[in-house]
Amino acid sequence: MNIVLGITGGIAAYKAPDLVRRLRERGAEIQIVMTASAEEFVTGTALQAVSGKPIRSNLWDKEAEAAMSHIELARWADVVLIAPATAEVMARIVSGAAPDLLTTICLATEAPIALAPAMNHVMWNNPATQANRAVLEERGIHIVGPGIGSQACGEEGAGRMLEPDAIAATVFNLTGGKGQGLLEGRKVVVTAGPTREAIDPVRYITNRSSGKMGYGIASAAAAQGADVVLISGPVNLPEPPGLEIIRVESAKDMFVATHEAIRGADIFIAAAAVADYRPSAIANQKIKKHDESMTLQLTRCPDILASVAALDAAPFTIGFAAETEKLAEYARGKLEKKKLDMIVANRVGQDCGFDRDDNAATVLWNGGERSFPTSSKVELARNLIELAAEHFYAVRGPETQPRLSIISNND
Ligand code: C5P
């Protein structure tokens, strides 16, 4: 796949070298086109090194134009991706103005165009930017993200550029190809988030899971070329692009959805914090307070993970063990009792685990273990997927492993 990667002047441009690597790992050829303001944030030298091609930035560069004109470049592209895309470049594309090489290519190409916006949340929510977004979408331009979270300016909100893995997965989906990756052609089912167990029409029992780890894992698997089904409990996260998402509430719903999705799956990763118990009966009406105390009768929820591992045609099955103490001991116990291929043990408490952007973990399997120090959940998810793929092929036959192209000039 030939990708023209446009880089515009936002702080998220510092992620561009990583994005280039993620796209090239999947077998894409990249031609970078920078705007003048992008050069304030990231150097052309770094980008040339990772992309393996001279950078284009100037519409009036006679030598470069002679080698491949802007029209040829627009035709060469299977996709034009702009990441980060500023509010300014969105406005320019909407207006049809083409004062520089990148916007000229956008006018001249017939390939799909994708924009990964990145800007301060007030700029993103500004009616002008939102109107431009709507026009771009009407015209068939794909808007990838933005994500919600902490921003470079120190504020919180919508406007973060999505992670390079997620952008890469979306871009490959645009052309119907998942590209190369460790899990190309594999089906991966992931559960994520908490479950809600209803007490009555207005109350429920739940837990502190944010879903960030499971969503990160699903995105990392999709970025490695897998067909991913993400079964998600109620969370407050943007939908990761490039995968199928099934939303559920209770442990029972998650059980049913998982067993429907699991047919033909190669790998199952249970990152959800599923309730262990649910109220034995759900009251039809809101329960009124009468006495000083009340007792809730609880019933065990089905263990989704153990039920998948017990299937005759069980996929390669990975569980999570979130513990406040005796981490390795409890995790190894679960690995054996639930008959898992791997278990990811992580400590939970006030200062780690749930509802945070970072995490540390130790992965255990029969006869081995590997620890990952604290890193972002996105980074940890990528490492976990690479380790899972390695063990999956070791167990299920190395001859089935896809051959990946080697990126030689940037490692
Ligand atoms: O036994 P414990 O609940 O600590 O095991 C945690 C692992 O089991 C996680 O991978 C979780 O997703 C999974 N699990 C499940 N169904 C349950 C309870 C836990 O799939 N009812």
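Remember, it's 1-based here, ligands and their atoms both numbered in the order they're listed. Numbering starts at 1 and runs along the sequence shown. Just so it is clear, the structure is predicted and the values come from calculations on it, not from any experiment. Hydrogens, waters and symmetry mates are skipped; everything else that's a heavy atom, side chains included, is used.
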Subject >> side-chain hydrogen bond (donor to acceptor under 3.5 Å, both in side chains) evaluation trace for Asn132 with Thr129 >> reply: CA-CA 5 Å; Asn132 288 339; Thr129 310; 5.6 Å; no
Original post:
Is there a donor-acceptor pair closer than 3.5 Å between any side-chain N or O of Glu197 and the backbone N or O of Ala251?
Top reply: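 Checking the backbone N and O of Ala251 against the side chain of Glu197, a donor-acceptor pair under 3.5 Å is found.
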**OP:** Would you kindly say whether Asp253 and Ser250 are connected by a side-chain donor-acceptor distance under 3.5 Å?
**Re:** yes
Original post:
Would Thr35 and Thr8 count as having a side-chain donor-acceptor pair, cut-off 3.5 Å?
Top reply: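 Distance-only check fails for Thr35 and Thr8.
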**OP:** Apply the test side-chain hydrogen bond (donor to acceptor under 3.5 Å, both in side chains) to residues Ser307 and His259: give CA-CA distance (whole Å), side-chain angles for both, the deciding distance (0.1 Å), then the verdict.
**Re:** CA-CA 9 Å; Ser307 70; His259 280 275; 2.8 Å; yes
**OP:** Sort out the contact shell of ligand 1: every protein residue with a heavy-atom distance below 4.0 Å, listed by chain and number.
**Re:** Ala270, Ala272, Val274, Ala275, Asp276, Pro302, Asp303, Ile304, Leu305, Gly319, Phe320, Lys334, Lys338
**OP:** Check the pair Asp200, Arg203 against salt bridge (Lys or Arg N to Asp or Glu O under 4.0 Å), reporting the backbone distance first and the verdict last.
**Re:** CA-CA 5 Å; Asp200 67 16; Arg203 303 179 179 100; 2.5 Å; yes
